[in-house]
Amino acid sequence: MVDRYWVGFFLVFSCLGGTLDASAGDSDPIYRTCVGQCEKSGCVGQRCFSHCNFSSDGVSIDGPWYKQEPLYLQWKQWDCQSDCRYYCMLDREKEREALGHGPVKYHGKWPFKRVYGIQEPVSVAFSALNLAMHFHGWLSFFILLYYKLPLKQDKKAYYEYASLWHIYGFLSLNSWFWSAVFHSRDVDLTEKLDYSSAVAFLGYSLIMSILRSFNVRDEAARVMVAAPLLAFLTTHILFINFYKLDYGWNMQVCVVMAVAQLLLWAIWAGVTGHPSRWKLWVVVIGGGLAMLLEIYDFPPYEGYVDAHALWHATTIPLTYIWWSFIRDDAEFRTSNLLKKTK
């Protein structure tokens, strides 16, 4: 959960980047001329794209239905404009490198090199590893609860937060899945799904931080805490999906939720006598240091590894430690409850 707190700040920087779509690269007259000529001719240098005979929605401009763009290309959204921009960007970056100039951003993004059609392959790989780590963490938590720790007579776990962590596990898997998809191909749909799933996860993490740090066990009290936050999150997600993807407003929402839960976990780690509180500190401090990679943005090395990709890499061990803390908390609470029943 705390590791996903930093996703809030990632969203902040993503939002800032989104508002600055006009970057130095796409403002370059040479690049703009290249793209314009490509969209008319369907070629960049010796490379020509057959799907430039199709519109961006895959409909043939000057041919019959059986010449429509293949489904796999439609799914990846590699239309004529995308390929023209991509190869014009590569050619322009080679020219800039020959002149001794460094990389610049195009349409708000660094010049990444595709691998098998994947836009940011390293970020996709690390997002997938984060997904796998969360699945491993949730599965080990599930096995601990129902196969290693004592159960009640109705076969339910003693741990009062078991069901809440299961929901957390689902939201974490969903969030990292869409992160991988978004880094595979940045289009309007994948952007909204990535933002929405991350905001939902961040908001639920805030709810969990409140419930656990204040030891809220009564169901009615939990509903009173969660209901207004869930209502706000639902409204916000509907707003950015169906009304306007306001990057500035989304940034403010992410900052408030992220800072609030960070403070809650930090304060609770400082005052609690939990035997595994050191793991909580490791995640909080480690996440803070990892955030420097998001602040110190640099272009992708060899067109593949940028600061954000490395940030994704740092969250992998933090995720392992965080789920380890959750398992320790389940053992700690179960042990205390069993002592009270004796």
| task | To the nearest 0.5 Å, tell me how far Gln119 CD sits from Phe112 CZ. | result | 8.5 Å
| query | For Trp281 and Gly270, which heavy atoms make the closest approach, and how far apart are they? | reply | CZ2-N, 3.9 Å
| query | Between Trp265 and Trp268, does a ring pair (Phe, Tyr, Trp, His ring centres under 6.0 Å) hold up when you go through it step by step? | reply | CA-CA 5 Å; Trp265 285 118; Trp268 187 65; 5.7 Å; yes
| task | May I ask you to say whether Lys192 pairs ionically with Asp188, meaning some side-chain N is under 4.0 Å from a carboxylate O? | result | yes
| How far apart are the C-alpha atoms of His312 and Asn130, what are their side-chain angles, what is the distance that settles it, and do they pass the side chain to side chain donor-acceptor pair (under 3.5 Å) test? | CA-CA 8 Å; His312 275 320; Asn130 273 285; 4.5 Å; no
| request: For the pair Cys88 and Cys34, evaluate disulfide (SG to SG under 2.5 Å) and give the outcome as yes or no after the intermediate values. | output: CA-CA 6 Å; Cys88 284; Cys34 174; 2.0 Å; yes
| Around Tyr146, counting heavy atoms of other residues, nucleotides and ligands shown, do more than 12 lie under 6.0 Å from its OH? | yes
| Side-chain heavy atoms of Tyr31 within contact of Arg85, under 4.5 Å | yes
| task | Test side-chain contact (heavy atoms from CB on, under 4.5 Å) on Ile118 and His183 and set out the steps. | result | CA-CA 8 Å; Ile118 297 175; His183 288 300; over 6 Å; no
| query | Is any side-chain N of the basic residue among Arg47 and Asp91 closer than 4.0 Å to the acidic one's carboxylate O? | reply | yes
| Rounded distance (nearest 0.5 Å) linking atom CZ of Phe126 with atom OG of Ser179 | 12.5 Å
| said: Looking at Phe170, I'd like to know if its CZ atom is crowded, meaning that more than 12 non-hydrogen atoms belonging to other residues, nucleotides or ligands lie closer than 6.0 Å. | reply: no
| query | Less than 2.5 Å separating the SG atoms of Cys38 and Cys84? | reply | yes
| Short question: side chain of Ser140, backbone of His136 - any donor-acceptor pair under 3.5 Å? | yes
| request: Establish, from distance only, whether the side-chain atoms of His308 and Trp110 form a donor-acceptor pair under 3.5 Å. | output: no
| task | Report the C-alpha separation of Phe141 and His166 in whole Å, then their side-chain angles, then the decisive distance to 0.1 Å, and conclude whether the ring pair (Phe, Tyr, Trp, His ring centres under 6.0 Å) test is met. | result | CA-CA 9 Å; Phe141 173 70; His166 291 321; 5.6 Å; yes
| Heavy-atom check, side chain of Cys80 versus side chain of Phe49, under 4.5 Å | no
| Hey, mind stepping through Ile240 and Asp246 against side-chain contact (heavy atoms from CB on, under 4.5 Å) and telling me if it holds? | CA-CA 6 Å; Ile240 63 175; Asp246 189 326; 5.8 Å; no
| said: So that I can tick it off, tell me whether Asp83 and Arg114 are bridged by a salt bridge, with the cut-off set at under 4.0 angstrom between side-chain N and carboxylate O. | reply: yes
| message | Quick test of your reading of the model: are Lys109 and Glu120 salt-bridged, counting only N-O distances below 4.0 Å? | response | yes
| task | Work out which heavy atom in Pro111 is nearest to a heavy atom in Pro300; give both atom names and the distance. | result | O-CG, 3.8 Å
| Passes side-chain contact (heavy atoms from CB on, under 4.5 Å), Lys113 versus Tyr86? Steps please. | CA-CA 9 Å; Lys113 294 180 181 178; Tyr86 176 69; 4.2 Å; yes
| query | Does a side-chain heavy-atom distance below 4.5 Å link Val187 with Thr190? | reply | yes
| query | Any donor and acceptor pair, going by atom type alone, linking the side chain of Thr272 with main-chain N or O of Ala269 inside 3.5 Å? | reply | no
| query | If two hydrophobic side chains count as joined below 4.5 Å and joins carry through other members, does Ile143 share a cluster with Phe135? | reply | yes
| note | One should read off an interatomic distance between Tyr158 OH and Ser335 OG, to the nearest 0.5 angstrom, of 12.0 Å
| Flag if over 12 foreign heavy atoms under 6.0 Å of CD, Glu97 | no
| task | Quick one: pull up CG in Asn336 and CD in Glu331 and give me the separation to the nearest 0.5 Å. | result | 12.0 Å
| task | Go through Asp306 and Trp311 one step at a time and tell me if the side-chain contact (heavy atoms from CB on, under 4.5 Å) criterion holds. | result | CA-CA 9 Å; Asp306 68 335; Trp311 174 78; over 6 Å; no
| remark: Scanning both residues in full, the closest heavy-atom pair of Leu202 with Cys254 reads CD2-O, 3.9 Å
| query | With the 4.5 Å side-chain cut-off for hydrophobic clustering, are Leu139 and Leu151 part of the same group? | reply | yes
| request: For the pair His134 and Phe201, name the ring-plane relationship: parallel under 30°, tilted 30 to 60°, perpendicular over 60°. | output: perpendicular
| message | Let me confirm one number: the CG-OH distance from Leu211 to Tyr161, rounded to the nearest 0.5 Å. | response | 7.0 Å
| query | Do Arg333 and Arg217 have side chains that get closer than 4.5 Å, going by heavy atoms? | reply | yes
| task | Dump the intermediate steps for side chain to side chain donor-acceptor pair (under 3.5 Å) on Arg185 and Ser82, then the final yes or no. | result | CA-CA 11 Å; Arg185 184 65 175 102; Ser82 298; 2.7 Å; yes
| task | Answer yes or no: does atom OH of Tyr320 have more than 12 heavy-atom neighbours from other residues, nucleotides or ligands under 6.0 Å? | result | no
| field | Which atom of Ser209 lies closest to which atom of Gln261, heavy atoms considered | value | OG-CB, 3.5 Å
| task | Treat each ILVMFWY residue as a node, draw an edge where side-chain heavy atoms are under 4.5 Å apart, and state whether Leu245 and Tyr243 are in one component. | result | yes
| said: Less than 4.0 angstrom from a charged side-chain N to a carboxylate O is my criterion; do Asp329 and Arg212 meet it? | reply: yes
| request: Compare all side-chain heavy atoms of Trp176 with those of Thr315 and state whether any distance is below 4.5 angstrom. | output: yes
| note | Interatomic distance, CG@Leu171 vs CE@Met208, rounded to 0.5 Å, equals 11.0 Å
| query | Trp322 vs Phe325 aromatic rings, parallel, tilted or perpendicular, using cut-offs 30° and 60°? | reply | parallel
| task | Give a yes or no on whether Val256 and Leu233 share a hydrophobic cluster (residues Ile, Leu, Val, Met, Phe, Trp, Tyr; joining criterion: side-chain heavy atoms under 4.5 Å apart). | result | no
| Minimum heavy-atom separation for Pro121 to Val115, with atom names? | CG-CG2, 3.6 Å
| said: Can a side-chain donor-acceptor contact be found between Asn250 and His236 if the only test is distance below 3.5 angstrom? | reply: yes
| query | Any side-chain heavy-atom pair from Asn241 and Ser196 closer than 4.5 angstrom? | reply | yes
| said: Could you tell me if Ser276 and Arg327 have a donor-acceptor pair between their side chains, going purely by distance under 3.5 Å? | reply: no
| Just wondering, do Tyr106 and Arg92 contact through their side chains at under 4.5 Å, heavy atoms? | yes
| said: Do the side chains of Arg222 and Glu219 get close enough for a salt bridge, i.e. N-O under 4.0 angstrom? | reply: yes
| Any luck finding a side-chain donor-acceptor pair between Trp138 and Tyr168 under 3.5 Å? | no
| field | Same apolar cluster: Leu264 and Val271, side chain cutoff 4.5 Å | value | no
